[in-house]
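Working notes for the structure below.
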Amino acid sequence: MSGNVLVVDDEPVVLKSCDRILTPEGFTVKGASSVKEAMGLLQNGDFDIVITDLKMPEMGGIDLIRWIKEQNPATGIVVITGYPSQETIKDALHLGIIDYLPKPFSPALLIDVASKAVSFVKSKGVEEIKTEEHDVSEKANEIKNVIDTNRNRPGGLIPVLQQIQEILGYLPPAVLRLIARGLNIPVSEVHGVVSFYSFFTMKPKGKHNIRVCLGTACYVKRSSEILAKLKDLLGIEEQEITEDKKFSLETVRCLGACGLAPVVVVDHDIHGAVDPVKVSEMIREYD
Ligand code: FES
């Protein structure tokens, strides 16, 4: 059985044992001694399953499970704990863990549970992937088709990202993992391309996306006042989305229309010589 496994436990002996038991079985195992360390590894790596202790200093396993469910919902979770109080396990099950291992566990039990969890995760498709703001499952077939069409095409990553962003409006982390798996490339490569090109975004956008230029020509013509006014009117900060999902707000450095400064772009509409006092009139046009 092959699969990428992250073990999270504050006891070094547990990390060592899991590595010693699972590596000869074909798993690739990494260890984290805290929830914080685990989050860092999960942000930069592609793990099929996380095997986590529940009781740890600072942040506990339940916090980690909640975080994984938001950030990487396709990752399978197995819980290990020496304190299997019914309430804690109930919470973990409610959050969608795959399985549970009581401490101390035998090597055979660990191998069995890890193998079943990895098989379960690998058999799941995009249908299972939900993100905080978006149920991706609605678009499962479209996403699958895009990946399948480009699977063996050299240079297929950028077209895949463009098409999937067109379908979903953004590229959530769970979908980046799915693309990496589908194209058989490291998730770090996918993430690197998304971060490099400004037209890719991992954040959802509102129905209307507002971009305020803070480039020099616009800045000297008070675009920071326009931004402050928009924040105030919409009740959001940059890179955020209003509660009704109607507007999202971004800043950019020069839109190449300096002669029209200060410039605000709403969706594809360019508004030039924007007067900070008239900003509310400008966004009122957008329903
Ligand atoms: S500085 Fe704003 S468009 Fe160039």
Side-chain angles (χ1 to χ4, degrees), residues 43-44 70-71 131-134 136 139 142-143 146 150 155-176 179-180 185 187-287:
Q43 270 168 337
N44 297 309
E70 284 173 6
Q71 303 292 322
T131 70
E132 207 177 355
E133 301 89 359
H134 208 118
V136 177
K139 307 281 186 184
E142 283 177 76
I143 295 174
V146 170
N150 291 280
L157 175 58
I158 289 184
V160 165
L161 292 170
Q162 281 172 321
Q163 289 170 54
I164 294 180
Q165 181 163 292
E166 208 139 284
I167 294 167
L168 295 174
Y170 74 117
L171 296 162
V175 169
L176 298 193
I179 294 169
I185 53 177
V187 75
S188 54
E189 188 179 330
V190 181
H191 192 267
V193 170
V194 170
S195 318
F196 183 78
Y197 292 103
S198 60
F199 51 84
F200 291 131
T201 176
M202 290 175 65
K203 296 256 179 188
K205 299 240 168 87
K207 185 177 169 196
H208 302 293
N209 188 43
I210 305 173
R211 290 183 292 156
V212 181
C213 182
L214 293 181
T216 312
C218 291
Y219 192 83
V220 296
K221 293 207 170 171
R222 301 161 58 202
S223 63
S224 57
E225 283 177 45
I226 298 171
L227 178 64
K229 189 77 189 274
L230 281 166
K231 285 182 182 178
D232 198 39
L233 278 170
L234 302 173
I236 55 173
E237 292 295 316
E238 289 164 55
Q239 308 299 333
E240 286 184 356
I241 182 168
T242 52
E243 237 176 70
D244 60 3
K245 301 197 172 18
K246 200 162 150 193
F247 292 104
S248 45
L249 185 60
E250 287 177 5
T251 54
V252 287
R253 305 276 157 188
C254 193
L255 287 153
C258 309
L260 300 175
V263 179
V264 175
V265 175
V266 185
D267 302 332
H268 297 293
D269 305 335
I270 299 173
H271 297 262
V274 176
D275 182 344
V277 180
K278 295 190 177 154
V279 161
S280 59
E281 277 173 42
M282 183 186 73
I283 60 167
R284 210 174 296 143
E285 289 174 28
Y286 296 88
D287 192 15

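Order of listing sets the numbers, starting from 1, for every ligand and every atom in it. Any value given below was found using the heavy atoms of this structure, including those in side chains, with hydrogens, waters and symmetry copies removed.
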*Under 30°, 30 to 60°, or over 60°: which ring-plane class applies to H271 and Y286, parallel, tilted or perpendicular?*
perpendicular
*For ligand 1, which atoms have a heavy atom of A217 less than 4.0 angstrom away?*
1 (S)
*ligand 1 versus C213, non-hydrogen atoms closer than 4.0 Å: side chain, backbone, both, neither?*
side chain
*For residues K207 and D287, report the shortest heavy-atom separation together with the two atoms involved.*
NZ-O, 2.8 Å
*Determine the minimum heavy-atom distance between C218 and V263, stating which atoms define it.*
SG-N, 3.4 Å
*asked:* Please list, in number order, the atoms of ligand 1 under 4.0 Å from a heavy atom of L255.
replied: 3 (S), 4 (Fe)
*Please check if the side chain of S248 supplies one atom and the backbone of I241 the other of a donor-acceptor pair under 3.5 Å.*
no
*Answer with yes or no whether A261 contacts ligand 1, where contact means a heavy atom under 4.0 Å from a ligand atom.*
no
*With a cut-off of 2.8 Å, does any N, O or S atom of C258 fall short of it relative to atom 4 (Fe) of ligand 1?*
yes
*asked:* Taking 4.0 angstrom as the limit and counting only heavy atoms of G215, give me the atoms of ligand 1 inside it, by number and element.
replied: 1 (S)
*Heavy atoms, side chains only, cut-off 4.5 Å: are V264 and M282 in contact?*
yes
